[in-house]
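Reviewing the structure listed below.
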Amino acid sequence: MKKLKRTLACLLAVVLLAGMFALPASAVGFTPNFEISAPAAYIVNTDTNIIVYEKDSETQYQAASLTKLMTAILLLEEYGDDLDNTTATVSNAVQDYVYIHGGSNADIRAGESRTLRQMLYAMMLPSANEAALAVAELIGGGSSSNFVAMMNARAKDIGCTNTVFVDACGLDEGNLTTARDMYLILRYAMSFDLLKEVVKTPLYNMGLYPRYMDGSYNIRTTDMMIASSFGGDYYRSYAQGGKTGSLGEWQNFACWHVQDGETYISVVLNSPESCDPYTYPTKRPALYETGKLMDWVYDSFSLQSALDVGQAITEVKVKYSTQADTLRLYPADSMYTILPSESDSSVTQKTFHLPDSVAAPIKQGDVVGTVTLSLSGEVIGTVDLIAERDIARNPVLFVVEKIGEFFGSLYFRVVVILTVIAVALYLAWYVWYWIQHRNSRKVRRSHPD
């Protein structure tokens, strides 16, 4: 069963990647009127695969707790149907590792077990390191090294080219990723409905904790963008959840957003704490800069139709017909794309790929050519151009044209040239023969028998 799940997961990754790259992702060419302090960022509209913001997206930075996104992916691939009936236990080795490196936890101590659902919430909300490492030991068959190998293999399957994992929680500084790679990881992670539900949960009850006075324990997310009650200035209604990470005086954040039916995934890496202007006790610079960027995105862009399928956009000459000299062409698709909100499709540049003419007969809907749309020099897509109506062929025009084409063709010119050469050779031979024959008669007359 687990092998089947892994196979299905691989197939899902392939399908998702095909969807992601059906059209090449491209930048729309507009920049905000501000600079972010994070050295790397990447924002993609997932409806169109268009990059609306990019900064140093191929350079490696420490992944920190963004690493746990991959751990969550493998957990759901292996045990997605059995999260409540399977438990993981925090070992002494896990407790020692977390104690040595420090970092966040959900107070799950050595020897204690929790269901995999609880472990999933623990690693994603308060970013509990012991939960991620316990899951890694379970799935890795007692070996965290085996699990790390699985993480790196899955990252390559998803399309990551510059991501390296060395542990399951992100405490090791050797966990490296890029803004683009983390976008791919989060996009794949969001294909799991349960994970989408988990990351948009502000508070979660972990159940019985006998050592607490009330007998239960609530964990809280580190993603203040989704927390309407305690997120303060970081909160945004469009934020649907994500993952934070930090190993120093900086922060990473990967999140997905939905507003007015338009979906984006954002990644901000290594935002320095100094850029966060808020006075809260805990600085969250990546959340601040993500909010600033996404406010700009939603204010500046909207999903619009770049073409009107009911309006002809060009025409082409028609041959062999008396019905029409030209044929109007319509786009076969509206080509929904991201455009500046206060503009329309006129801001796009159109490059037509058409023949000099088309030959009748023509059927309505026939594909005659294509048009490529660009925005600020970046190609955003190509659409077929189709015939407006039927156009019949005039047989007389067709025959006359073909006769004219024959007499003007290279074949005809070659035949004519060869014929002229043959006639010339024949005439030359005839003249030579006539001269020879006449001379021979003169010789016979001058030497009678």
Side-chain angles (χ1 to χ4, degrees), residues 15-34 36 38 40-58 158-161 178-191 236 238-240 242 253-269 289-309 313 331-351 353 370-384:
V15 170
L16 279 172
L17 286 174
M20 277 184 248
F21 303 110
L23 291 175
S26 58
V28 297
F30 291 90
T31 55
N33 59 359
F34 58 86
I36 62 168
Y42 200 66
I43 302 176
V44 180
N45 175 269
T46 61
D47 306 300
T48 62
N49 294 328
I50 290 178
I51 305 164
V52 296
Y53 185 85
E54 187 274 341
K55 180 180 180 181
D56 201 18
S57 63
E58 298 290 350
I158 292 173
C160 300
T161 56
T178 68
R180 175 189 169 275
D181 282 0
M182 193 48 62
Y183 151 74
L184 293 174
I185 290 172
L186 180 56
R187 181 160 184 166
Y188 181 63
M190 292 301 99
S191 67
R236 297 292 189 279
Y238 53 70
Q240 301 299 304
F253 186 48
C255 187
W256 73 294
H257 317 268
V258 179
Q259 181 170 280
D260 298 328
E262 298 171 16
T263 304
Y264 291 87
I265 287 179
S266 66
V267 178
V268 173
L269 298 182
E289 294 203 302
T290 296
K292 193 172 182 179
L293 283 170
M294 291 308 303
D295 287 347
W296 166 73
V297 167
Y298 278 118
D299 287 343
S300 303
F301 302 99
S302 62
L303 194 61
Q304 301 179 42
S305 172
L307 296 169
D308 183 354
V309 295
I313 59 174
D333 187 85
S334 298
M335 186 74 179
Y336 278 92
T337 188
I338 293 298
L339 296 175
S341 298
E342 297 182 357
S343 68
D344 54 32
S345 60
S346 63
V347 301
T348 62
Q349 298 84 49
K350 300 176 180 66
T351 303
H353 310 280
T370 61
V371 58
T372 296
L373 299 181
S374 303
L375 184 62
S376 299
E378 297 288 345
V379 173
I380 58 177
T382 298
V383 173
D384 288 337

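All values derive from a computational prediction rather than experimental measurement.
Contacts of D333 classified as side chain to side chain donor-acceptor pair (under 3.5 Å), with partners at least two apart in sequence or in another chain: none. Residues meeting the side chain to side chain donor-acceptor pair (under 3.5 Å) test with S374, sequence neighbours left out: none. Judged as a side chain to side chain donor-acceptor pair (under 3.5 Å), and not counting sequence neighbours, T46 has no contacts.
Between R187 and N49, the closest side-chain pair of non-hydrogen atoms falls below 4.5 Å. In this structure the side chain of D47 never reaches within 4.5 angstrom of the side chain of Y336, judged on heavy atoms.
Side-chain atoms of Q240 come within 3.5 Å of backbone atoms of Y238 as a donor-acceptor pair (strictly under, hydrogens ignored). Checked by atom type and distance alone, the side chain of S305 pairs as donor or acceptor with a backbone atom of S334 at under 3.5 Å. Between the side chain of K55 and the main chain of A38, a donor-acceptor pair closer than 3.5 Å is present.
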I'd like a table of donor-acceptor pairs (distance under 3.5 Å, sequence neighbours excluded) in which one partner is a side-chain atom from residues 258-268, with atom names and distances.
from : atom 1 : to   : atom 2 : distance (Å)
E262 : OE2    : L303 : N      : 3.0
S266 : OG     : H257 : NE2    : 2.8

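Rounded to the nearest 0.5 angstrom, I313 CD1 and D308 CG are separated by 10.0 Å. Taking OG of S57 as the start and CG of L269 as the end, the distance is 9.5 Å to the nearest 0.5 Å. Distance CD1/I50 to CG/L339: 7.5 Å, rounded to 0.5 Å. With rounding to the nearest 0.5 Å, the separation of CD1 in I43 from OH in Y183 is 12.0 Å. Of the inter-residue distances, the one linking T372 atom OG1 with Q349 atom CD reads 12.0 Å to the nearest 0.5 angstrom. Taking CG of L373 as the reference point, atom OG1 of T348 lies at 5.0 Å (rounded to 0.5 Å).
Among all heavy-atom pairs drawn from G159 and D181, the shortest one is O-OD1, 4.4 Å. Residues L307 and K350 share a closest heavy-atom pair of CD2-CE, 3.8 Å. Across all their heavy atoms, A332 and V383 have their closest contact at N-CG1, 3.7 Å. Across every non-hydrogen atom of S302 and S341, the tightest pair is N-OG, 3.6 Å. Taking both residues in full, the closest heavy atoms of V309 and P331 are given as CG1-O, 3.6 Å, listed atom of the first, atom of the second, then distance. The minimum heavy-atom distance linking Y42 with I51 is given by the pair OH-CD1, 3.3 Å.
For residues 295-306, the set of pairs meeting the salt bridge (charged side-chain N to carboxylate O under 4.0 Å, His left out) definition, not counting sequence neighbours, comprises R236-D295.
Ring pair W296/F301 is perpendicular by interplanar angle, where above 60° counts as perpendicular and below 30° as parallel.
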